[in-house]
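Input: a single structure, listed below in structure tokens.
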Protein chains: 2
Amino acid sequence: MQRSEARQGPVEQRLARTADPALADRRRRQIMDAAIACFRRRGFHQATMQEICAEAGISAGALYRYFSSKAEIIGAIAEDRRGEGDVAFLRAAEKHGFIEAMCFAAQNFVQKFADGDGPLIADIMGEVLRDDAIAKVLRLSDIRSIAIFAAAVRAAQDRGEIDATLEPETAANTLFAIVEGIGLRRAFQGETDAEAAIAQFRVVAERYLNPRVRS
Amino acid sequence: MQRSEARQGPVEQRLARTADPALADRRRRQIMDAAIACFRRRGFHQATMQEICAEAGISAGALYRYFSSKAEIIGAIAEDRRGEGDVAFLRAAEKHGFIEAMCFAAQNFVQKFADGDGPLIADIMGEVLRDDAIAKVLRLSDIRSIAIFAAAVRAAQDRGEIDATLEPETAANTLFAIVEGIGLRRAFQGETDAEAAIAQFRVVAERYLNPRVRS
DNA sequence: ACCTGAACACCGTTCAAGT
DNA sequence: ACCTGAACACCGTTCAAGT
């Protein structure tokens, strides 16, 4: 977080050329794990770089060899967690229908709020919305996820399971928006009942996706 | 943002007992306006208290007489803007149907992202999700809004305009979640086409609310 | 090549001193 | 009662110096 510059340059910011890529990977993981622990304990903004360094057992200078800012750490964490849900969704989509799999994915997402990760997700959202560099990275993960879900929409349409007139990409995007909106709102309201959240989502999803008998 | 305390105490934090309430109101407005200008220009986290003070033409000490923290300023701004949309919605709900009014409200919300206020809204969301004191205040505004929209849902159900089996409070909550989810996602994606956002919302809202011919 | 940790540059908030 | 502004306490980031 450069204090007084516009920070507009290319996202190139490749960090220290490292001789041993394995070490670099190890260090990044080590730092991310330490950061997760600290963020869980005290939240993104309360947690201190010094704390993260202590938890990771390295110095501040060393940390900045592998991450160019505090924001980049949470960005890396977010990117890392993305896609985990995608594979789970794909598996579920094969076994049960699309809607069931979608509810499962929603469950997956909202559940994290109910567990300890609520504030962390919130912090990630906040940081993503305010940091262009992070946003740029996460948009790539997002595009990949959307593509996966859109493909599943197409398959479900072919099976006659959901409305065939929906544009797959738009449908996937909309479903994501609904899940995130519900998760966000419940976090805001301090609700932690994941069951109720899924029930709420299921009604919207079913009505949105169901093949119509009349428009 | 006390630096090293848990900040759990009651939200009492009544500020400086002031002799002249009119002066207090004037000062708060003056500070909020200055803050809006600064936040627009540089974003919540980039904007400095000193800048806000300069813009408002007062000293730091004076500012803290009327707001106990930087976060509280953005909270006050958010609360202030809330409800503006509510009255507009109510007027629209009388003239046109509920769904039209709802789309109008969504338009209202998403439009702000397209205008200069996108980052500001994002910052508010982020701050709300991370600051309990702010969240507590905004939850009150939220409850009021939900009540208004739930009443409109009930009226529309009585007119047979939308599905009567929906629980009004839940429906209002869900619609809010969808609007916010779509707004958030589009902000994240850097989309600024408000028209497309409304079209996206309209499809979901119509299918969610339409009276069913079959379940 | 990789690391350390003191130093730097900031910034939100407070408080003694003014009027 | 209301205000000023220098001082305080912190914190993210850097960089000269080590191995």
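FYI, side chains are in, hydrogens and waters are out, and symmetry mates aren't considered; it's all heavy atoms of this structure. None of these values were measured; they are calculated from a predicted model.
Figure legend: A:Arg28 and A:Phe67 shown as a cation-pi pair, the cationic atom lying under 6.0 angstrom from the six-membered ring centre and within 45 degrees of its axis.
Residues in residues 110-142 of chain A take part in these ring-ring contact (aromatic ring centres under 6.0 Å, His included) pairs, two or more places apart or across chains: A:Phe109-A:Phe113.
Listed candidates were C:dG5, C:dG12, D:dT4. Nearest to the side chain of B:Lys70 is C:dG12. The side chain of A:Tyr64 approaches D:dG12 more closely than any other nucleotide in the set D:dG12, D:dC2, C:dG12. Out of D:dC2, C:dC2, C:dG12, the shortest distance to the side chain of B:Thr48 is found at C:dG12. Comparing C:dC3, D:dG12, C:dT14 by their nearest atom to the side chain of A:Met49 picks out D:dG12.
Between A:Gln111 and A:Glu195, every side-chain heavy-atom pair lies at or beyond the 4.5 Å cut-off.
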Enumerate the protein-to-nucleotides 17-19 of chain D contacts in which both atoms are nitrogen or oxygen and the separation is below 3.5 Å.
none

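The backbone N or O of B:Leu120 lies less than 3.5 Å from no partner atom in the side chain of B:Lys112, so there is not a single donor-acceptor pair.
Toward the 5' end of DNA chain D, the nearer of the two residues A:Ala47 and B:Ile58, judged by each one's closest nucleotide, is B:Ile58. Toward the 5' end of DNA chain D, the nearer of the two residues A:Gln50 and B:Ser59, judged by each one's closest nucleotide, is B:Ser59.
Base-pair partner of C:dG5: D:dC15 (Watson-Crick or G-U wobble, both distances under 3.5 Å).
Listed by chain and number, the residues in a ring pair (Phe, Tyr, Trp, His ring centres under 6.0 Å) with A:Phe188 amount to none (sequence neighbours excluded).
Note on A:Arg27: every side-chain N or O is 4.0 Å or more away from OP1 and OP2 of C:dC2.
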